[in-house]
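One structure is given below, encoded as structure tokens.
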Amino acid sequence: MGRIQMSLIVALLCICQSDAIPTPFPLPANLSWGVCGYPLDGPSAPPECFTGASVIDPSVTVECSTKLGCTTSCSKSSLFQQVLVRYKGRLTPGVKSSTPLPKQQMTSAEHSSRSKNSSRGFWWSFYRADCDLMDLGIDCGDVDDCKTKCEANPDCFGFNTHGVMKNSSCAFNYGPLPCTKSFPQDCNVSLYLLRDTPTPQPPVTNTTGSVTRVQVCVTSPSEELGASTDESYSLMIPSGQSVTIEVNAKTIFGAMHGLETLTQLTSVRANNTLPMKLPVVPVTITDAPQFSFRGLMIDSGRHFLPVNKVKSIVDGASLLKLNVIHWHLVDSQSFASGSETFPELAEMGAYPNSYSASTGQSPSEGIAKQMYSVDDMKDVVAYAKARGVRIQPEWDMPGHGSWGFGKPELMTSACSDALDVTRPELYDFLLKFLSEMGEIFEGDYMFLGGDELDTSCFDNSPSIAAWMKAHGLNSQETQQYFWQQMTQKVFPSLNKTISVWEADGMQINMSNLPKNTVANVYQSISTAWQKTVPAGINTVVSMAGQHWYLDGECGGYNWNAWTCIYSFTGASGSWLANPAWTAKERSLFLGGETAIWGEGINTDNFDSFVWHGAAAAAERLWTTEERLGCPPSICPGIQPSKESYWMTSGNPRMTDQMCRMSRQGIKTGPIYPGFCPSDGGDDTLHLVNQRLDTLEKENAELKAKLNKLMSAKN
């Protein structure tokens with residue numbers, strides 16, 4: 001292994017250590033660190049920009065702000081209180097005592113050595129950083145020797161602490177590098193670069209303070225969670241000995257994102273008995289997502305996912321600031337969606353069922369039906385809302401369905417998974433069923449599939465064939481007839497925005513659906529760019545052709561498959577939104593979702609397949625391409641390819657985020673060699689959160705019993 005490859009591996013081994021400088025995920029719209037206002041895309045800013053650090057006091061108060069303009073309903077809101085309690089637990093997991101950090105003095109000699117003028121510009125030093133694949137192939141000795149040789153070589157723009165000279169003034173962070181004998185005077189500085197401007201003047205001292213209070217100000221009392229919910233927030237972390245952090249947002253859901261960012265700014269601690277630490281203060285962040293729809297589709301129709309697993313998936317989505325779980329509840333193999341109006345659907349269709357027997361998996365007596373009761377589904381919806389996530393349910397129709405287990409009379413005679421769209425009673429049934437589901441799933445959207453219908457099922461069913469002949473329709477036109485009938489007889493009563501799958505071939509004629517219907521383009525981005533959006537159709541993309549189907553990963557290893565999603569650039573050098581669109585067309589593009597289909601996925605392997613790619617999509621859906629680009633302050637005078645820069649600058653955030661999620665009990669697996677405290681089985685954070693949820697439920701039950709006793713007494 002070469003020197004550069006080895007230095008990369010060694011650096012990555014340290015990226016989750018407790019002294020690493022964390023970066024928010026997804027990368028926020030505007031981030032200012034310390035007094036320098038240094039634009040940081042990875043934890044590579046020189047340490048002289050920082051005024052100090054803060055620890056989270058074990059008795060920190062997370063509370064509603066009472067300042068002018070904040071809603072006064074906070075203390076009365078159950079949702080608000082759940083959020084405050086949850087993030088109090090996230091900021092003080094298992095803490096036993098506070099351990100003050102020593103003050104760090106920086107000498108004038110150190111200051112001057114980090115901004116020494118040269119004949120070609122100014123020397124900048126970067127803490128825990130290196131540039132991969134930028135080597136000149138020329139080695140140098142100590143710092144002074146390297147500076148002399150580099151200044152004399154017009155192709156040299158810097159060197160690292162291994163004495164390797166660089167041909168680009170880059171600053172891609174990979175984590176701390178080991179000290180070498182040639183650099184005894186400053187083992188913390190790992191990269192020296194020539195820049196056109198001097199380094200900012202650093203403060204004289206770095207001090208450590210403590211956070212004693214987190215105040216959350218929400219200006220709107222509304223707790224409606226929908227497609228138009230404002231998710232913006234600002235976060236202000238001052239420096240000082242005893243400070244109050246401010247989280248400001250228009251809605252409680254924006255405040256959740258702000259609190260999530262705050263937890264991400266704390267160091268990953270190897271010992272949960274120590275207080276959480278904010279290694280860099282002050283920090284100011286203003287942030288908002290670029291797309292309103294940022295989702296993950298899960299499939300419990302092929303393999304059942306228990307309620308606790310679905311909740312864990314919601315937790316993972318929330319940690320990534322995703323706001324939609326598209327729940328593919330049923331498919332040809334099983335009908336897991338319970339119904340009080342039509343209980344036979346799940347009683348006959350949920351696993352174990354006749355499909356299990358037909359595939360050689362004979363159901364054993366005594367196995368409970370693998371289904372979601374009405375209460376289960378309501379519980380998941382409420383759980384998700386408390387974490388800023390909308391549940392978008394899906395029942396596939398007219399094909400791809402398992403309606404026939406409980407309603408065989410509504411199916412075609414030729415195919416067991418296709419509805420007989422010519423039966424008038426079908427629409428009465430669907431109206432009643434979907435109306436019941438609409439009460440359970442209170443969000444804006446209802447997804448009704450629509451893709452991959454085998455229209456030969458109509459041709460090969462005698463009664464349907466006779467009906468088509470009598471009405472002068474062929475099988476493709478009969479498919480469109482189904483959507484016309486749904487639009488006339490069912491959709492007006494649902495008060496929902498309907499979503500359907502749409503392939504590159506546009507199997508569904510969208511003009512037969514309500515005007516605000518959303519097309520989920522699931523094959524390639526070009527269909528959105530060239531067909532749906534120009535036609536005035538609201539669009540979400542899943543892009544199987546660009547690896548957004550997470551069960552079919554791109555080439556290479558599982559641990560770096562996220563790069564296919566993260567680096568994808570569309571036809572005009574843009575990523576998702578077409579730069580040629582008008583403002584109106586841009587508003588029709590709502591966002592995207594990755595998808596994990598369940599043919600080969602269950603609770604055993606879900607996490608290892610999903611979270612790398614979902615995280616990559618989450619940042620790309622949240623953060624604008626301009627924000628991810630290589631800014632001149634990072635790469636003055638030279639612009640490497642966007643994809644290369646995104647990979648290197650995104651790597652530390654992705655690595656840290658996978659470690660954070662792992663410590664929350666979501667077994668993401670790593671994306672590169674390195675260490676995370678959960679590698680040793682440390683699930684303390686996850687267990688604390690589970691205990692908090694249990695205490696919340698117990699508290700609610702006790703309150704209910706007390707109210708019942710008081711009512712009986714009165």
Side-chain angles (χ1 to χ4, degrees), residues 18-19 21-22 24 28 31-35 50-72 74-75 77 80-104 203 205-219 233-249 252 254-287 660 663 684-685 688-689 691-692 695-696:
S18 61
D19 60 350
I21 300 172
L31 167 62
S32 176
W33 295 76
V35 295
F50 306 145
T51 60
S54 286
V55 296
I56 307 295
D57 191 290
S59 59
V60 64
T61 302
V62 183
E63 62 186 9
C64 307
S65 175
T66 58
K67 69 181 182 182
L68 188 65
C70 304
T71 178
T72 58
C74 165
S75 60
S77 165
F80 216 127
Q81 294 304 310
Q82 285 183 58
V83 172
L84 297 180
V85 169
R86 186 164 70 250
Y87 281 97
K88 160 75 172 181
R90 293 277 300 282
L91 290 169
T92 57
V95 172
K96 294 181 179 178
S97 62
S98 177
T99 305
L101 299 177
K103 294 184 178 181
Q104 301 174 7
T205 61
N206 281 350
T207 59
T208 298
S210 64
V211 176
T212 58
R213 195 177 300 272
V214 178
Q215 292 195 328
V216 181
C217 174
V218 171
T219 57
Y233 70 91
S234 66
L235 173 64
M236 288 172 283
I237 307 175
S239 58
Q241 291 301 312
S242 180
V243 302
T244 296
I245 293 174
E246 293 187 18
V247 178
N248 298 297
I252 180 61
M256 288 183 201
H257 294 321
L259 289 165
E260 188 61 41
T261 294
L262 173 59
T263 67
Q264 292 174 356
L265 289 169
T266 59
S267 292
V268 176
R269 308 308 297 273
N271 185 343
N272 276 325
T273 64
L274 297 176
M276 301 288 274
K277 176 185 174 184
L278 290 163
V280 180
V281 293
V283 180
T284 301
I285 292 174
T286 55
D287 200 12
R660 293 186 196 108
R663 301 197 79 196
T684 304
L685 296 179
V688 167
N689 287 331
R691 181 58 179 155
L692 284 172
L695 289 173
E696 286 179 18

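By convention here, the first residue in the shown sequence is residue 1.
Separating the OG atom in S75 from the CD atom in E63 is a distance of 11.5 Å, to the nearest 0.5 Å. Taking NZ of K277 as the reference point, atom OG of S54 lies at 10.0 Å (rounded to 0.5 Å). Rounding to the nearest 0.5 Å places CD1 of I56 at 9.0 Å from OG of S210. One finds the CD atom of E246 at 12.0 Å from the CZ atom of R213 (value rounded to the nearest 0.5 Å).
Counting heavy atoms from C-beta outward, V62 and V85 have side chains that stay 4.5 Å or more apart. Proximity of T61 to T212: side-chain heavy atoms (C-beta onward) are nowhere separated by under 4.5 Å. A 4.5 Å side-chain heavy-atom check between T244 and V214 finds every atom pair outside the cut-off. Side chains of P24 and I285 form a contact here, defined as non-hydrogen atoms less than 4.5 Å apart. Taking 4.5 Å as the limit, every side-chain heavy atom of K67 sits out of range of all side-chain heavy atoms of Q215. Within the 4.5 Å cutoff, no side-chain heavy atoms of V216 are placed close to those of V83. Side-chain contact between M276 and V55: absent, with no pair of heavy atoms (C-beta onward) separated by less than 4.5 Å. Side-chain contact between S239 and P282: present, with at least one pair of heavy atoms (C-beta onward) separated by less than 4.5 Å.
Scanning all heavy atoms of the two residues, the minimum distance from A249 to A255 falls at CB-N, 3.3 Å.
Formation of a donor-acceptor pair under 3.5 Å by the K88 side chain with backbone atoms of V60 is found in this model. Remark: side-chain polar atoms of R90 are not paired, donor with acceptor, to backbone N or O of T263 under 3.5 angstrom. Under a 3.5 Å cut-off, the side chain of Q81 and the backbone N or O of C74 do form a donor-acceptor pair.
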Test side chain to side chain contact (heavy atoms under 4.5 Å, CB included) applied to L262 and L278, step by step: CA-CA 9 Å; L262 173 59; L278 290 163; 4.2 Å; yes
Test log, rule side chain to side chain contact (heavy atoms under 4.5 Å, CB included), inputs L259 and L235: CA-CA 8 Å; L259 289 165; L235 173 64; over 6 Å; no
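Side-chain N/O atoms of Y233 and T261 include a donor and acceptor closer than 3.5 Å.
Distance check for C64 and C217: the SG atoms are not under the 2.5 Å cut-off.
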